[in-house]
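Here is the structure we will look at.
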Amino acid sequence: MSEEKEKVVIETETVLTALENEDFDGFRSLFLEQHPYDQAKMFVKLEQEERSRVYQYLSPEEMAALFENIEDEEYNYEMYLSEMDPRFASQMLEHMYADDAVDVLNELNKDQVASYLTIMDDEAAKEIRELLHYEEFTAGSIMTTEFIAIQANQTVKSAMHILKHEAPDAETIYYLYVIDEDKHLAGVISLRDLIVSDDDVMIGEIMSERVFSVSVGEDQEEVARKMRDYNFLALPVVDFQNHLLGIITVDDIVDVIDEEASDDYSKLAGVSDVDSIDRGPLSAAKKRLPWLVILLFLGMLTANLIGQFEETLDKVAILAVFIPLIAGMAGNTGTQALAVAVRRIAMGDEEEGNFKIIAREAGTGLINGAVCGILVTGVVYFWKHDLYLGLLVGLSILATLTVATIAGAFVPLIMHRLKVDPAVASGPFITTINDIISILIYFGMATMFMQYLI
């Protein structure tokens, strides 16, 4: 264990000891020294009785900082809030950044949300209600309304006064957005430019009118892509009339990237949520069973297909030995091509046309198939002393690897064109489809080679 990790473990044990001993001052002193992220990691591991003490020992504002950093895969927000006094919970939500509070409330049912909003301060409740109306996974659902806006006809001195006054409640101050009298987004100015400018200079003279913004209904994955490409710390969110509604900060985008990556990986793996921690085998089985049932029936289709060539197998039983090899190679190369294609789509790399992508993957499959085919031909010849059998297996490998690679790249591209998430063309699904293709190719060629094999 590294020195840093050992230090964290000792600090955690010290905090927990103070909590168990009901040492109010000791717990607060030790716990509040920790970063809110570390506080959250400790909190989610506590038992209910221990959490109840935490609610008594911390203020709503201190609890809000902790709650904003909870990364519990099970998202037990409902359980945590139900353990708190309703007024304490509503005050905690008030002190959270609006977008983080909305993330928490989205995990609750409508009655619970209405209850907390009723108790909450009117201004905070109004702000949160506005964000709750936006569709999930859009720019509107992850934006915050806690930003600083100034006008072009102000001086730098006036803008600095606004900045000092509003900075404590703003989520970020590195960008200040310039609006006109009708709240249209007109420009942006960085904190650096504001600081180095003379007090009597007008904001309109130093602001940048070239502002990158996103629509309130834009998909969060597209927003993340823009922020990554342009290395922004924040992006303004506007409506169809270019009114400034809010901003999206880089910390929210990091969460989005993590969510989208987990979602894509879950679909590629054929599970509902690879990030969730299942408390028991039953809940884990319920999430994985649907895909397995689908793949079971697809596997039965493959078995039925092999049954159609029963006569061929009766004549040359040795052909059955190479079925796992052919099918396995097809599945592996198809999954490789699938991963490359899905990654390219996810990264938004559309400069290269679909035809070029498929042509390149076909070339890759052909080269891999040729090399593997030559190798397996030699191995089978020296193993079974049968050149025709070696040629059959080698040519089957060549054909299946080429076709499987094309299929692995083609399927996600078509699904993307049809506006369907390409990640649902998951590894297990592509593998099963390629099993069927490889069996058809293998036994088709075996039928052609039959006179040389008997």
Return yes if some donor-acceptor pair links the side-chain N/O of Thr377 with the main-chain N/O of Gly390 below 3.5 Å, else return no.
yes
Taking Phe443's backbone N and O only, do any of them form a donor-acceptor pair with Thr447's side chain (distance below 3.5 Å, no angle check)?
yes
Would Leu32 and Leu58 satisfy side chain to side chain contact (heavy atoms under 4.5 Å, CB included), going step by step from the backbone distance to the final call?
CA-CA 9 Å; Leu32 295 177; Leu58 299 182; 4.0 Å; yes
For Ala40 and Leu66 the tightest heavy-atom approach is CB-O, 3.6 Å
Do other residues, nucleotides or ligands put more than 12 heavy atoms under 6.0 Å from Met448 CE?
no
How about Leu395 and Phe449: do any of their side-chain heavy atoms sit closer than 4.5 Å?
yes
Please say whether more than 12 non-hydrogen atoms of neighbouring residues, nucleotides or ligands are located less than 6.0 Å from CD in Glu50.
yes
Quick check against the 3.5 Å criterion: does Asn242 have a side-chain atom that pairs as donor or acceptor with the backbone of His184?
no
Correct closest heavy-atom pair for Pro36 and Asn69 would be CB-ND2, 3.3 Å
Out of curiosity, Ile247 CD1 to Ile142 CD1, how far, rounded to the nearest 0.5 Å?
11.5 Å
Should we say atom CZ of Phe410 is surrounded by more than 12 heavy atoms from elsewhere, each under 6.0 Å from it?
no
What are the two closest non-hydrogen atoms of Thr402 and Leu366, and how far apart are they?
OG1-CA, 3.5 Å
Measure across Ala139 and Val223 and return the closest heavy-atom pair with its distance rounded to 0.1 Å.
CB-CG2, 3.9 Å
Near Gln241 CD, under 6.0 Å, is it more than 12 heavy atoms from other residues, nucleotides or ligands?
yes
Output, in order, the C-alpha distance, side-chain angles, deciding distance and verdict of side chain to side chain contact (heavy atoms under 4.5 Å, CB included) for Glu127 and Glu146.
CA-CA 9 Å; Glu127 194 174 344; Glu146 289 148 329; 3.4 Å; yes
Roughly how far apart are Asp169 CG and His95 NE2, rounded to 0.5 Å?
9.5 Å
Is any side-chain heavy atom of Phe67 less than 4.5 Å from a side-chain heavy atom of Tyr77?
yes
Do the non-hydrogen side-chain atoms of Gln39 and Glu62 ever get within less than 4.5 Å of each other?
no
To the closest 0.5 Å, what do you measure between CZ (Phe31) and OH (Tyr57)?
12.5 Å
Is the NZ atom of Lys226 crowded by more than 12 outside heavy atoms at less than 6.0 Å?
yes
Please check if atom CZ in Phe212 has more than 12 non-hydrogen atoms from other residues, nucleotides or ligands closer than 6.0 Å.
yes
Thr400, Thr333, Asn368 screened by side-chain hydrogen bond (donor to acceptor under 3.5 Å, both in side chains) with Thr405, the one that passes
Thr333
Apply the test side-chain hydrogen bond (donor to acceptor under 3.5 Å, both in side chains) to residues Thr335 and Asn332: give CA-CA distance (whole Å), side-chain angles for both, the deciding distance (0.1 Å), then the verdict.
CA-CA 5 Å; Thr335 302; Asn332 291 336; 5.7 Å; no
Enter the distance from Glu107:CD to Gln112:CD here, rounded to the nearest 0.5 Å.
11.0 Å
Quick check: closest heavy atoms across Ala149 and Ile179, and the distance to 0.1 Å?
CB-CD1, 4.0 Å
In Å and rounded to the nearest 0.5 Å, what is the OG1 to CG distance from Thr14 to Leu19?
12.5 Å
Sub-4.5 Å side-chain heavy-atom contact between Leu81 and Met92
yes
Under 6.0 Å between the ring centres of Phe322 and Tyr442?
no
Sequence-distant partners of Tyr37, ring-ring contact (aromatic ring centres under 6.0 Å, His included), two or more places apart:
none
Taking all non-hydrogen atoms of both residues into account, name the closest pair between Asp386 and Tyr388 and its distance.
OD1-N, 3.1 Å
Taking C-beta and beyond as the side chain, do Thr138 and Val216 meet within less than 4.5 Å on heavy atoms?
no
From Met207 CE over to Tyr177 OH, what is the distance, rounded to the nearest 0.5 angstrom?
14.0 Å
With a 4.5 Å cut-off on side-chain heavy atoms, are Leu375 and Ile397 touching?
no
Using distance only, find each side-chain donor-acceptor pair of residues 301-311 under 3.5 Å and give its atom names and separation, not counting sequence neighbours.
unit_1 : atom_1 : unit_2 : atom_2 : d
Thr302 : OG1    : Leu298 : O      : 3.2

Charged N-O contact under 4.0 Å between Arg225 and Glu222
yes
Using the rule given for side chain to side chain contact (heavy atoms under 4.5 Å, CB included), can you reason through Leu117 versus Leu93, listing the C-alpha separation, both sets of side-chain angles and the distance that settles it, and then say yes or no?
CA-CA 9 Å; Leu117 290 176; Leu93 291 167; over 6 Å; no
After noting the C-alpha distance and the side-chain angles of Met143 and Tyr134, does the key distance pass the side chain to side chain contact (heavy atoms under 4.5 Å, CB included) rule?
CA-CA 10 Å; Met143 74 177 183; Tyr134 296 113; 3.5 Å; yes
Under a 4.5 Å cut-off applied to non-hydrogen side-chain atoms, are Ile326 and Ile439 in contact?
no
Could you tell me whether the side chain of Cys372 reaches within less than 4.5 Å of the side chain of Leu401, counting heavy atoms only?
yes
